[in-house]
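Accompanying notes for the structure given below.
When a residue number appears, it is its place in the shown sequence, counting from 1.
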Amino acid sequence: MQIDSRRKWDEKYTVRSSYRSPAPPDWLMAHLNRLPAGRALDLATGLGRCAVELARTGWNVTAVDISEVGIRIARRHADRLGAHVDWIVADLEHFLLPSQHFDVVTVFNYLDRTRLPGQIVRTLRPGGMLLFETFTLNQLQVPGNHLTNPDHMLRPGELLSMFPGLRVRAYRDVIEADRAVASLAAEKIEPLNR
């Protein structure tokens with residue numbers, strides 16, 4: 001476990017002691033009605049904005065994050081809405097995902113180029129969907145940007161090639177007033193019958 005990462009995120013959520021209920025991301029909401037029903041996994045859930053929305057609208061949701069404080073805040077938000085989520089505090093650099101277990105995987109504002117893409121492809125069931133969105137290098141030019149390490153941002157077009165074995169259904173690379181992100185919706189293809 002990366003104690004420094006856990007401490008960083010726990011401190012971030014502790015310092016900002018009062019949080020509004022976080023709104024789900026636009027990319028999730030744009031695709032929500034097209035997602036297969038069943039089990040959903042929200043990785044690097046933070047304050048649970050995807051996990052809570054998915055649970056509230058009928059998915060069986062598991063959410064994973066390194067921050068115990070973030071998970072505690074997310075759990076309170078879910079409880080207020082009557083949304084059940086299985087919350088897991090774990091470091092994604094070491095957390096093993098089960099094979100062909102989830103129908104939907106969401107990842108927002110988190111980037112692991114080496115281990116996570118293969119784990120995601122493996123954990124999705126055939127026909128399952130991935131919704132992924134995180135910052136691009138253009139974020140460095142956004143006024144008020146808080147990110148400083150380019151290794152934590154996507155290079156141009158990088159997201160399109162990160163998940164071999166998934167078929168791209170939708171993609172965007174946008175620069176908005178407050179953020180620059182690349183977003184992907186991709187489907188795990190059913191194996192051909194032999």
Side-chain angles (χ1 to χ4, degrees), residues 1-17 19 21-25 27-28 35-36 38-81 83-125 128-135 146-147 149 151-154 159 162-166 181 183-184 186 188:
M1 172 193 318
Q2 288 188 337
I3 293 172
D4 290 342
S5 289
R6 177 171 281 177
R7 184 178 299 128
K8 175 186 109 173
W9 287 104
D10 282 348
E11 286 175 3
K12 176 183 175 182
Y13 294 132
T14 300
V15 168
R16 293 174 56 190
S17 59
Y19 279 94
S21 299
W27 190 248
L28 172 67
L35 297 176
R39 293 182 182 188
L41 173 65
D42 185 30
L43 295 173
T45 194
L47 297 177
R49 60 195 186 133
C50 291
V52 171
E53 183 63 21
L54 287 165
R56 194 183 68 73
T57 54
W59 275 269
N60 178 347
V61 182
T62 300
V64 182
D65 197 88
I66 197 169
S67 173
E68 189 172 332
V69 175
I71 291 283
R72 192 175 323 125
I73 294 167
R75 181 180 286 123
R76 282 196 305 259
H77 174 59
D79 289 349
R80 279 194 303 273
L81 295 175
H84 174 75
V85 175
D86 291 323
W87 303 102
I88 298 173
V89 176
D91 183 347
L92 288 176
E93 289 187 15
H94 305 288
F95 188 69
L96 292 177
L97 301 177
S99 182
Q100 295 194 27
H101 189 75
F102 292 100
D103 301 290
V104 173
V105 174
T106 58
V107 183
F108 283 80
N109 303 333
Y110 179 76
L111 182 59
D112 170 353
R113 292 176 170 92
T114 56
R115 189 173 174 276
L116 198 58
Q119 287 272 318
I120 288 171
V121 172
R122 198 184 92 223
T123 202
L124 276 171
R125 290 181 177 155
M129 291 288 295
L130 166 66
L131 294 181
F132 191 103
E133 179 178 272
T134 199
F135 299 101
H146 65 284
L147 301 176
N149 187 343
D151 290 339
H152 297 164
M153 295 171 239
L154 292 166
L159 185 53
M162 277 181 62
F163 297 94
L166 302 186
V181 295
S183 312
L184 176 75
K188 186 170 185 177

Hydrogens and angles aside, do Asp86 and His84 bring a side-chain donor and acceptor to less than 3.5 Å of each other?
yes
Taking all heavy atoms of Phe108 and all of Trp27, pick out the closest pair and write down the distance.
CE2-CB, 3.9 Å
Rounded to the nearest 0.5 Å, how far does CD1 of Ile88 lie from CG of Asp65?
11.5 Å
Check: Phe102 and Thr62 side chains under 4.5 Å, non-hydrogen atoms:
yes
Step by step, work out the side chain to side chain contact (heavy atoms under 4.5 Å, CB included) result for Met162 and Ile120.
CA-CA 11 Å; Met162 277 181 62; Ile120 288 171; over 6 Å; no
Could you tell me if the side chain of Arg76 sits less than 4.5 Å from the side chain of Asp79, heavy atoms only?
no
dist Ile73:CD1 -> Arg75:CZ (nearest 0.5 Å) comes out at 11.5 Å
Of the non-hydrogen atoms in Ala74 and Trp87, which two are nearest, and what is the gap between them?
CB-CH2, 3.5 Å
Is there a donor-acceptor contact under 3.5 Å from the side chain of Asp91 to the main chain of Ile66?
no
What heavy-atom pair brings Leu154 and Leu111 nearest, and what distance separates the two atoms?
CD2-CD1, 3.7 Å
Closest approach of Leu166 to Ala186 (non-hydrogen atoms, all atoms of both residues)
CB-CB, 3.8 Å
Taking only residues at least two apart or on different chains, which pairs with a member in residues 114-123 satisfy side chain to side chain donor-acceptor pair (under 3.5 Å)?
Asp112-Thr114
Heavy-atom distance under 4.5 Å between the side chains of Glu53 and Thr106, does that happen here?
no
At what distance, to the nearest 0.5 angstrom, does CD of Gln100 lie from NZ of Lys188?
4.5 Å
Side chain proximity check, Pro36 to Val104, heavy atoms < 4.5 angstrom
yes
Just by modelled atom types, is the Arg39 backbone N or O under 3.5 Å from a matching donor or acceptor in the Arg125 side chain?
no
Could you check whether any side-chain heavy atom of Met153 comes within less than 4.5 Å of a side-chain heavy atom of Leu147, counting everything from C-beta outward?
yes
Could you check whether any side-chain heavy atom of Thr134 comes within less than 4.5 Å of a side-chain heavy atom of Tyr110, counting everything from C-beta outward?
no
Any side-chain heavy-atom pair of Leu43 and Leu97 under 4.5 Å
yes
Exercise: identify the closest heavy-atom pair between Val121 and Pro164:
CG2-O, 3.6 Å
Hey, does Leu131 have a side-chain heavy atom less than 4.5 Å from the side chain of Leu35?
yes
Heavy-atom closest contact (Thr45 atom, Ala51 atom, distance):
OG1-CB, 3.8 Å
Could you grab the distance from atom CG of Leu184 to atom CE of Met129, nearest 0.5 Å is fine?
8.5 Å
Rounded to the nearest 0.5 Å, how far does NE2 of His152 lie from CZ of Arg113?
8.5 Å
Between atom CG of Leu41 and atom NE2 of His101, what is the distance when rounded to the nearest 0.5 Å?
8.5 Å
